Protein chains: 2
Amino acid sequence: MRRETYNEFRRLCQKHSLAATHQRQKIYEALVSRPGHYSPEEIYEQVKQDLPSISLATVYKNLKTFVHAGMLCEVSPHHGSWRIDANHHPHHHLVCTRCRSITDLDFDSLGPVKLRGKLPSGFRLEKFTIEVRGVCKACTAAETKQH
Amino acid sequence: MRRETYNEFRRLCQKHSLAATHQRQKIYEALVSRPGHYSPEEIYEQVKQDLPSISLATVYKNLKTFVHAGMLCEVSPHHGSWRIDANHHPHHHLVCTRCRSITDLDFDSLGPVKLRGKLPSGFRLEKFTIEVRGVCKACTAAETKQH
DNA sequence: AATCCTTTAATAACTATTATCATCTGATAA
DNA sequence: TTATCAGATGATAATAGTTATTAAAGGATT
């Protein structure tokens, strides 16, 4: 692991009062040291090369721990549940990060996406999708109620 | 079901050579007749009120059929696998609709999202996420090879 | 070294989804 | 209409992805 990455890892663990274990170090490294966003299974396979006895559950648990601590974030808030879109008109999505509800947002509510420069060579563009993430009315209400 | 929706449904089934069954009609209606994007389980519960003997497998199978035919589309291409993001700098994602790989796109590659008008009242905005969907280099190569 | 609290590995349990298969239905043509 | 049959359905077994449980190990503090 690069010294810089290592230091960052130690700092983050300290900040969130997490033990800086060997396993966590390797999991963190597997995430940061290469491009792309891998599944827990893929991360497990990667870490296994250094720590053959690591358990898949440990990978899951630490990923959750990291996300919970805010050290990492989820790419999609909808893993674990398949959602279908029957709206054929161009539109965007409002996504509640609490209850994960999805509602449509009129296409014209947002300005068009503008491409500056080029996409990586070979990538064939199909469309842009904008997700507006935040907290929906119901969840906001539920939260303020509690205080 | 509204006559308009019903006609649209018949038309779509015909276009894709699918039998216009009761079950499909009710599933389609459950999707189009209300706002929001529901999980297969939620759609199943909804359809069950009209067709108590419908099977959950039928719901899944037809949703897949509809998506495959292009009558509907998936909200997120990453249901079924949890993806983690370790990149803390603001950035966007290139998503391959074939192999589902995700790669980072520099924040400045795209212009800023502009909000025209207002979001629905009560929605507390956290951030905009842009997904650039298309076919990655590897998958494009694999496809052209076959022809 | 003894104690306490956290983390780990192994694996059982659970949830979402898909496959299998016997039965039934819708579309077509007689 | 009815007969026919490819395609669709319902029941349920199987699988994949994820989470919970628990005994043992680690490591910090006294």
Side-chain angles (χ1 to χ4, degrees), chain A residues 9-10 12-30 37-69 71-72 74-84 100 102, chain B residues 6 9-30 37-69 71-72 74-84 100 102:
Chain A
F9 169 71
R10 301 289 301 201
L12 283 168
C13 284
Q14 197 148 33
K15 181 175 163 191
H16 298 291
S17 358
L18 297 173
T21 66
H22 226 153
Q23 288 87 343
R24 285 183 178 155
Q25 184 185 316
K26 291 297 181 187
I27 291 169
Y28 185 80
E29 187 181 6
H37 298 285
Y38 305 94
S39 67
E41 184 72 38
E42 287 166 328
I43 293 161
Y44 171 64
E45 290 302 333
Q46 165 91 5
V47 173
K48 223 174 163 180
Q49 292 177 14
D50 286 332
L51 305 174
S53 74
I54 197 171
S55 162
L56 178 57
T58 300
V59 174
Y60 270 100
K61 212 171 319 166
N62 283 315
L63 289 176
K64 273 193 93 169
T65 303
F66 290 161
V67 168
H68 197 77
M71 285 170 60
L72 309 171
E74 300 178 316
V75 171
S76 159
H78 299 108
H79 70 275
S81 149
W82 192 32
R83 304 299 184 96
I84 294 301
R100 319 215 143 166
I102 305 167
Chain B
Y6 181 70
F9 169 73
R10 301 290 300 201
R11 196 183 63 71
L12 283 168
C13 284
Q14 198 146 33
K15 180 175 165 193
H16 299 289
S17 358
L18 298 172
T21 66
H22 279 312
Q23 289 86 342
R24 285 183 176 156
Q25 184 185 315
K26 291 297 180 185
I27 292 168
Y28 185 80
E29 186 181 8
H37 298 284
Y38 304 94
S39 67
E41 184 72 38
E42 288 167 328
I43 294 160
Y44 170 64
E45 290 303 331
Q46 165 92 5
V47 173
K48 223 174 162 180
Q49 293 176 14
D50 286 331
L51 304 174
S53 74
I54 196 170
S55 161
L56 178 57
T58 301
V59 173
Y60 270 99
K61 215 171 317 169
N62 283 315
L63 289 176
K64 274 193 91 168
T65 302
F66 290 161
V67 168
H68 196 78
M71 286 169 60
L72 307 172
E74 300 179 314
V75 171
S76 159
H78 298 109
H79 70 276
S81 147
W82 192 31
R83 304 299 183 96
I84 293 303
R100 318 215 144 166
I102 306 167

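Please read these numbers as outputs of a predicted model, since none were measured by experiment. Below, read A as the first sequence line, B as the second, and so on, with proteins coming before strands; counting in each chain starts at 1. As a basis for the values below, the full set of heavy atoms in this structure was taken, side chains included, without hydrogen atoms, waters or symmetry mates.
- Checked by atom type and distance alone, the side chain of B:His37 never pairs as donor or acceptor with a backbone atom of A:Arg83 at under 3.5 Å.
- DNA chain D is contacted by both A:Gly80 and B:Ala19; B:Ala19 maps to the nucleotide lying nearer its 5′ end (nearest heavy atom per residue).
- One atom, CG of A:Asp50, and another, C1' of C:dT8, lie 17 Å apart when rounded to the nearest Å.
- Comparing B:Pro40 and B:His22, the nucleotide of DNA chain C nearest to each residue sits closer to the 5' end for B:Pro40.
- Atom C1' of nucleotide C:dT17 and atom NE2 of A:His79 are separated by 15 Å, given to the nearest angstrom.
- With C:dA16, C:dG26, D:dA11 as the candidates, the nucleotide lying closest to the side chain of B:Tyr60 is C:dA16.
- Contact annotation for B:Ser39: no contact, since no heavy-atom pair falls under 4.0 Å across all strands.
- Under a 3.5 Å cut-off, the side chain of A:Arg100 and the backbone N or O of A:His78 do not form any donor-acceptor pair.
- Judged purely by distance below 3.5 Å, without hydrogens or angles, the side chains of B:Tyr6 and B:Arg10 pair a donor atom with an acceptor atom.
- Considering only side-chain N and O atoms, B:Thr21 lies under 4.0 angstrom from the phosphate OP1 or OP2 of D:dT9.
- Nearest nucleotide to the side chain of B:Arg10, out of D:dG10, C:dA9, C:dA27: C:dA27.
- Taking only side-chain nitrogens and oxygens, B:Gln23 comes nearer than 4.0 Å to OP1 or OP2 of D:dG10.
- Computed from coordinates, the B:Arg24 CZ to C:dG26 P distance equals 11 Å when rounded to whole Å.
- Across the protein-nucleic acid pair, B:Trp82 atom CH2 and C:dT15 atom C1' stand 16 Å apart, rounded to whole Å.
- Among the protein residues, A:Ala57 comes within range of the nucleic acid bases, having at least one heavy atom under 4.0 Å from a base atom.
- Atom NE2 of B:His16 is surrounded by more than 12 heavy atoms from other residues, nucleotides or ligands within 6.0 Å.
- Of the candidates C:dT7, C:dT18, D:dG10, the closest approach to any side-chain atom of B:Lys64 belongs to C:dT18.
- Checking B:Leu56 against A:Glu41, the closest nucleotide of DNA chain D that is more toward the 5' end is the one next to B:Leu56.
- With A:Thr65 contributing its side chain and A:Lys61 its backbone, the two residues share a donor-acceptor pair below 3.5 Å.
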(Q) With side chain to side chain contact (heavy atoms under 4.5 Å, CB included) as the criterion, how do A:Ile27 and A:Phe66 come out once you've worked through the C-alpha distance, each side chain's angles and the decisive distance to 0.1 Å? (A) CA-CA 10 Å; A:Ile27 291 169; A:Phe66 290 161; 4.1 Å; yes
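- A:Glu42 places its CD atom 10 Å from the P atom of D:dG17, with the value rounded to the nearest Å.
- Between B:Asn62 atom CG and C:dT17 atom C1' the separation is 15 Å, expressed in whole Å.
- A straight line from NZ of A:Lys48 to P of C:dA9 spans 12 Å, rounded to a whole angstrom.
- Closest contact between the side chain of B:Leu18 and the listed nucleotides D:dA8, D:dG10, C:dA19 involves D:dA8.
- For B:Ser55, counting side-chain heavy atoms from C-beta on, the closest listed nucleotide (C:dA9, D:dT18, D:dG10) is D:dG10.
- Atoms CG (A:Leu51) and P (D:dG26) sit 13 Å apart, rounded to a whole Å.
- Of all nucleotides listed (C:dA19, D:dT21, C:dT7), D:dT21 comes nearest to the side chain of A:Lys61.
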